[in-house]
Amino acid sequence: MTGFTSIKYFSDNVGESVTIRGWLMQSRGSGKVRFLIVRDSTGITQCVAEEDTVGTELFDLAKGLGQESALKVTGTVSEEPRAEGGFELHVTSLEIVGESVDFPITPKSHGTDFLLTNRHLWLRSRRQLSIMRIRDEVVTAIREFFRENDFVLIDTPILTGAIGESAGTLFSTEYFDLGNAYLAQTGQLYLEAAIYAFEKVYCLGPTFRAEKSKTRRHLTEFWMTEGEMAFVDSDGNMDLQERLVSFVVKRVLELRAGDLEALKRDTAHLKKVVPPFERISYDEAIKLLKDQGKEVEWGKDLGGEDETILTKLFEKPVFVYDYPKKVKAFYMKQHPDREKLVKCSDLLAPEGYGEIIGGSEREDDYDRLLFRIREEGLPEEAYGWYLDLRRYGSVQHSGFGLGIERTVAWICGIEHLREAIPFPRMMGRIYP
Ligand code: NSS
């Protein structure tokens, strides 16, 4: 589009007259000068309207503008180190594109419930702008990492016939004459099929779990990136994960420093995120928890509180590997020496954040996998195709799933997953 510029490009236009389009975030001033803080796709800038320059009519217009009015602002760009972005725009003319009266979300603080009900408007707040930009960077970095490492993107289905993770948290829907279909809990089983075509594959998309718990770590719809690799064991799986996570954190530190600062994130913690990460066995984790005075029983899954305690003992993300089979999914490979364990790992993010990745080596033996499907009471007929993969060129393979919202929440240093996704889906909320 000609005739307009974006805030990001002000450095190319110093001393020139330009027009920007955007929304008014805030307006302040006194007497004969008004400062309009305007946001566009590329940044936030201060537009200065002086009565002596713009005339009384335009000045009064500027004074009366409501928060979130859509505007076209024309003015001269000048350098101003004290202003946000280092430049400001000296207004010569102003056009209201869309009025905004009594925007409900003001700079004062509001309750969480009110903000969530107004999520469609809350998204425009500064903190939310920074979180969403970091989310964008996280997803972009993940795609770049996989591409650089020769993984092929495989888009896995959302409507599925087989249960991917566990029967307890399924959303189901009627599927014509074929009975129930489930919303995907994972793309993993389909990625396992695709490694036989491409060796290394990944997916990145929404997944669904009917979580009835209301914790800060659970959404009913969350985004996950999953990687799957042929000829890779559980250790190799962890190697890849620590490289991926380190790459993503580095990217955000490099490219979204301003947003981290806006969120008041202490980046000292993030700068430590470089390979290798510590790896402790489930047995060791139980012992560490007991040493910390936590009552835990060998054989139970680690809860959110246990993870929080563990992560506080380490400066970097930490892997916990080889969990009891009882608490993990049917597809995980049995430990070669200890039949009660499976070859898996969870990656726990530091500073109390806890699990961001779940991964494992997969059961590649036809008979043992069939046994596990039966043992878990899963409908055998739905897994015919999955078992087939163990019949034609089956190889040792491993993979993992990284939760996007949990990763974003940790990198941003925010408490609750609901702020890490544009429109959160939780048990008690389906609007907006
Ligand atoms: O259940 S996981 O631990 N593992 C899987 O789904 C495997 N099929 C992945 C694989 O090996 N391909 O979930 C993986 C991650 C977990 O570590 C969390 O970061 C995230 O997905 N996750 C969630 N995020 C938000 N809300 C909910 N409910 C949730 N459940 C898992």
Side-chain angles (χ1 to χ4, degrees), residues 135 138 142 146 151 154 156 160 162-171 182-195 200-230 232-234 236-238 240-241 244-245 248 301-304 307 311 317-321 323 327-333 342-349 353-363 386 397-411 414 416-421 424-427 429:
R135 180 182 170 109
V138 165
I142 289 169
F146 278 127
F151 284 68
I154 296 293
T156 53
T160 64
I163 300 167
E165 251 345 274
S166 81
T169 60
L170 285 173
F171 280 113
Y182 307 113
L183 296 187
Q185 297 174 313
T186 169
Q188 178 194 323
L189 309 196
Y190 301 94
L191 288 187
E192 285 187 62
I195 57 162
K200 296 198 280 184
V201 294
Y202 79 100
C203 63
L204 201 167
T207 38
F208 306 87
R209 294 192 194 174
E211 305 275 4
K212 294 199 184 71
S213 56
K214 293 183 187 166
T215 79
R216 64 189 180 88
R217 289 177 172 157
H218 290 93
L219 297 165
T220 55
E221 177 180 297
F222 64 98
W223 285 60
M224 177 157 59
T225 188
E226 297 178 80
E228 193 72 28
M229 299 162 281
V232 168
D233 64 7
S234 185
N237 198 18
M238 289 187 260
L240 195 282
Q241 291 167 45
L244 168 66
V245 169
V248 169
D301 202 1
L302 301 180
E307 290 178 4
T311 68
V318 55
F319 287 105
V320 181
Y321 63 87
Y323 282 66
V327 300
K328 290 292 179 186
F330 71 96
Y331 52 71
M332 293 187 183
K333 188 167 182 66
V342 280
K343 295 298 293 172
C344 68
S345 58
D346 284 354
L347 181 66
L348 314 184
Y353 276 91
E355 183 190 332
I356 55 169
I357 299 186
S360 63
E361 196 171 321
R362 321 304 192 185
E363 186 53 78
Y386 184 63
H397 62 287
S398 302
F400 63 91
L402 171 144
I404 300 292
E405 290 75 20
R406 291 205 189 163
T407 305
V408 170
W410 160 54
I411 292 178
I414 57 182
H416 201 296
L417 288 200
R418 64 189 166 216
E419 278 187 87
I421 185 164
R425 294 289 170 255
M426 292 169 291
M427 203 178 149
R429 202 170 276 281

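First listed ligand is number 1; within each ligand, the first listed atom is number 1. Note that the coordinates shown come from a computational prediction; the quantities given were computed from them, not determined experimentally.
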**Q.** Close-range residues for ligand 1, whose non-hydrogen atoms fall below the 4.0 Å threshold
**A.** Glu165, Thr186, Gln188, Arg209, Glu211, Arg217, His218, Leu219, Phe222, Met224, Glu226, Tyr331, Glu355, Ile356, Ile357, Gly358, Arg362, Gly399, Phe400, Gly401, Gly403, Arg406, Leu417
Is it true that [Y] and [X] share a donor-acceptor pair across their side chains at a distance under 3.5 Å?
X      : Y      : answer
Arg209 : Thr207 : no
Tyr202 : Glu228 : no
Glu192 : His397 : yes

Q: Name the orientation class of the two ring planes belonging to Tyr386 and Phe330 (parallel below 30°, tilted from 30 to 60°, perpendicular beyond 60°).
A: perpendicular
Q: Return the minimal non-hydrogen interatomic distance between His218 and Arg406, and the atom names on each side.
A: NE2-NH2, 3.5 Å
Q | Arg135/Glu405 under salt bridge (charged side-chain N to carboxylate O under 4.0 Å, His left out): CA gap, chis, key distance, verdict | A | CA-CA 8 Å; Arg135 180 182 170 109; Glu405 290 75 20; 2.9 Å; yes
